[in-house]
K.L.:
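What follows is a single structure, and I will ask about it in a moment.
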Number of protein chains: 2
Amino acid sequence: MPSQKQIARELGVSVATVSNALTGKGRVSQDVVDLVTERAAQLGYTPSAAGRALKTGRSGILGLVMPDITHPVFPDFAQGLEIEADARGYGILIANGRGTEAGQDNAIRQLIKRGVDGIIMIPRRGTRPQVPPVPMATISIASDPRFAVAANHRQGGKLAAQAILQLGHRSILLLGDDSHSPVQIDRIEGMAEALEGQAEFQVQWTGDHFPDLADLHATGVTAVLTVSDLLALRVVTEASQSGLRCPDDLSVIGFDNLPLSTAVRPTLSTIVPDTAELAKRAIAYLDAAIRDDQDPPAPSVVDMTLRLRDSTGPAPQTATQHRRTSP
Amino acid sequence: MPSQKQIARELGVSVATVSNALTGKGRVSQDVVDLVTERAAQLGYTPSAAGRALKTGRSGILGLVMPDITHPVFPDFAQGLEIEADARGYGILIANGRGTEAGQDNAIRQLIKRGVDGIIMIPRRGTRPQVPPVPMATISIASDPRFAVAANHRQGGKLAAQAILQLGHRSILLLGDDSHSPVQIDRIEGMAEALEGQAEFQVQWTGDHFPDLADLHATGVTAVLTVSDLLALRVVTEASQSGLRCPDDLSVIGFDNLPLSTAVRPTLSTIVPDTAELAKRAIAYLDAAIRDDQDPPAPSVVDMTLRLRDSTGPAPQTATQHRRTSP
DNA sequence: TTGTGATGATTAAACGATTAATCAAGGATT
DNA sequence: AATCCTTGATTAATCGTTTAATCATCACAA
């Protein structure tokens, strides 16, 4: 591998001059600058990351800790983070929390060992990750006191509820699959808040058994708001098996805009998190902390948007009547 | 940050002794070893990655280049690779090919700049990625001459076909959505090979329009083998909308065992790639190349397995009769 | 007593880049 | 003509770790 030393030797100048010429820092004549850059290009010179890191104390690498890399929302995240990090000259080293708190702390240690300049952390719920000796940006929920950036899950829930109200639905099922997940709780609470006083609604958490959609429909429920597209997929297909048509008999809204949401028929209406914006702010926050910026960006919350597709429609007249007439 | 120098100073020994004590390489008395390790632990000493990398010429970091990080099969891959890399003491730096050949080459350059010891490459189809100055392990298809590890897509296709034959189906649709994808072509060819002479079948590539399943069913088709779970999801739900029941009227098999395959009803039968094994071999291959191993592992192909779920069932008698009696 | 070996530690150099300090030489100023 | 400033380059030190080479001690054998 070519080094500054080699360029210096071949050109008969000192390494300091080569370094200055390439970084444009010291005082070097234009002639020498040209000579050096030309020779560097010829040799295919690439500055040694290790050498630079050793001297400057910066590796230019950020660590990313996620509780579970196989979760379907994370690819989008990772992509956004990679793009933003790259734009600021950072690379991203991934680590896997392996679903446990111990694994999460171990991931942090590994990243520190590798000399990362900072850590982007998506904490496993209910854990208090150890504080690393480098800046950390936590992507979490707004109620988490340590968050640097958060998606506005409550607002997303509201959005879903408002959309379904606008379509005339007045009896609604709110469906989650993990009653301990703060994210799901926020989403459900947002829905409930918007629905309060506007419609009848009930909350269910699917554990062992899935709610009987036909029963619910018989009692007048015309819409199901779920906390994820996977759950929405389950509802849509389960409904179909029970002979309910979607959206004619049942409207469904999911969360996260997963790839499956456009593959399923009907396509899924969903609440989409602005992962690009989340990534942008997380990286900006972390970069500011690393550079010891005077006024770093404050923790912020990013709103979600509604994407209406084919799984939602106007409330059926029949169902509403049925509800009114049934005991 | 504590360094060997600091430990040495506090203990009144030389840095070389500290280094030797910590790595167990030179000649150091047991007493001193104990002293040094104890003090190192006290101070929370972590060896500087930059210093070590500079001296040894190894960063302990592998680069991962993927054509599109948002593709649903990649989380699984990334997870497997991270686990295997970690087991061998490597970290993984992600790079994004951004879907273009230029982006792919740029990703390689970025990784080189960051000093990776080797690169794991999942090439964008039809591209010839530039050769980096470090070892590279290519995860591709068996017909790709540069592959280090490949999933056996043909065999996977065969598996699907054999399963569907065993269930009595004799008129089958093979469905892809990208006729230029070598992976999809391999899968379809595998299916066709197993079906040849055993059953009637036709291949269709969904472009603008999706095949009319009701029509096909009317002509006797009782099973659809697809090249991906996303496509299978489309088939299952589209069929349901056409009034066909799955698996009673139509059996469906997908590929890749995506998370959605257990969320949809009926759950999807699918061909599952052994991503853990693929990752293991890719890392082993790369590690051997980096360590300049004498007899490195040869390029190898990893078989897939069949996972039968609820989207497949015996061929319907009615449909078969229908086909026999129809003109 | 002298030489030999083993043991345990130190010295010093090296990896590659950066940067403060220094120096030489030429041009401009008084 | 003596001084000062500017320009363009070099020297040397430093970051933290590793490692070959060296050295000092002491034990033991001849």
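Labels below follow one simple rule: chain letters A, B, ... track the order of the sequence lines, proteins then strands, and each chain is numbered from 1. None of these values were measured; they are calculated from a predicted model.
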K.L.:
So B/D117 and B/S59, side chain to side chain donor-acceptor pair (under 3.5 Å) or not? Walk me through it.
P.N.:
CA-CA 6 Å; B/D117 292 339; B/S59 63; 3.2 Å; yes
K.L.:
Just to be sure I understand the rule, does A/A50 reach a base, reach only the sugar-phosphate, or reach nothing, if contact means heavy atoms closer than 4.0 Å?
P.N.:
nothing
K.L.:
OP1 or OP2 of D/dT18 less than 4.0 angstrom from a side-chain nitrogen or oxygen of B/Q4, does that happen here?
P.N.:
yes
K.L.:
Using a strict 4.0 Å threshold on nitrogen-to-oxygen distance, state whether A/R98 and B/E82 make a salt bridge.
P.N.:
yes
K.L.:
Measure across A/A95 and A/A107 and return the closest heavy-atom pair with its distance rounded to 0.1 Å.
P.N.:
CB-CB, 3.8 Å
K.L.:
A/R9 has an atom CZ; how far is it from atom P of C/dG16, in whole Å?
P.N.:
10 Å
K.L.:
Grab the CG-P distance between A/D34 and D/dG8 for me, whole Å please.
P.N.:
13 Å
K.L.:
Distance check: side-chain N/O of B/S14 vs OP1/OP2 of C/dA9, anything under 4.0 Å?
P.N.:
no
K.L.:
Can you check the B/L22 CG to D/dT19 C1' distance for me, whole Å?
P.N.:
15 Å
K.L.:
Both A/R52 and B/S29 contact DNA chain C. Taking the nearest nucleotide for each, which residue is further toward the 5' end?
P.N.:
B/S29
K.L.:
If you take all heavy atoms of A/P129 and A/M121, which pair is closest and at what distance?
P.N.:
CB-CE, 3.2 Å
K.L.:
Answer yes or no: does a side-chain N or O of B/K55 lie under 4.0 Å from OP1 or OP2 of D/dT19?
P.N.:
no
K.L.:
Specify the residues of residues 106-117 of chain A, ordered by number, for which at least one heavy atom lies under 4.0 angstrom from an atom of DNA chain D.
P.N.:
none
K.L.:
Using the side-chain heavy atoms of A/V28, tell me which of these nucleotides is nearest: D/dA9, C/dT7, C/dT18.
P.N.:
D/dA9
K.L.:
Figure out the NZ/P separation between B/K25 and D/dA21, and round it to whole Å.
P.N.:
15 Å
K.L.:
If you assign each of B/G12 and A/N20 to its closest nucleotide in DNA chain C, which residue comes earlier from the 5' end?
P.N.:
B/G12
K.L.:
Atom CE of A/M1 and atom P of C/dC15: how far apart are they, to the nearest Å?
P.N.:
15 Å
K.L.:
Of the nucleotides D/dT19, C/dA17, C/dA9, which has the atom closest to the A/S3 side chain?
P.N.:
C/dA17
K.L.:
Calculate the interatomic distance between A/D31 atom CG and D/dA9 atom C1'; express it in whole Å.
P.N.:
13 Å
K.L.:
Report yes if a side-chain nitrogen or oxygen of A/T17 is closer than 4.0 Å to either non-bridging phosphate oxygen (OP1 or OP2) of D/dT10; otherwise report no.
P.N.:
yes
K.L.:
Do the side chains of B/E10 and B/R39 get close enough for a salt bridge, i.e. N-O under 4.0 angstrom?
P.N.:
yes
K.L.:
Taking the side chain from B/D256 and the backbone from B/L258, do they hold a donor-acceptor pair closer than 3.5 Å?
P.N.:
no
K.L.:
Would you please confirm or rule out a distance under 4.0 Å between OP1 or OP2 of C/dT18 and any side-chain N or O of A/S19?
P.N.:
yes
K.L.:
Is the phosphate of C/dA17, meaning OP1 or OP2, less than 4.0 Å from a side-chain N or O of A/K5?
P.N.:
no
K.L.:
Heavy-atom nearest nucleotide on DNA chain D for B/R27 versus B/L54: which residue maps closer to 5'?
P.N.:
B/L54
K.L.:
Checking all strands, does B/V18 fall into the base, sugar-phosphate, or nothing category for heavy-atom contacts under 4.0 angstrom?
P.N.:
nothing
K.L.:
What is the distance, rounded to the nearest whole Å, between atom CZ of A/R58 and atom P of D/dT14?
P.N.:
22 Å
K.L.:
Going by an N to O cut-off under 4.0 Å, is there a salt bridge joining B/D287 and B/R88?
P.N.:
yes
K.L.:
Check every strand shown and say whether A/V32 touches a base, only sugar-phosphate, or nothing at a heavy-atom separation below 4.0 Å.
P.N.:
sugar-phosphate
K.L.:
How many whole angstroms separate atom CG of A/L35 from atom C1' of D/dA9?
P.N.:
14 Å
K.L.:
In plain terms, say whether B/R124 and B/D68 are close enough for a salt bridge, that is, a side-chain N and a carboxylate O under 4.0 Å apart.
P.N.:
no
K.L.:
Would you mind telling me which of C/dG16, D/dT22, D/dT19 lies closest to the side-chain atoms of A/S48?
P.N.:
C/dG16
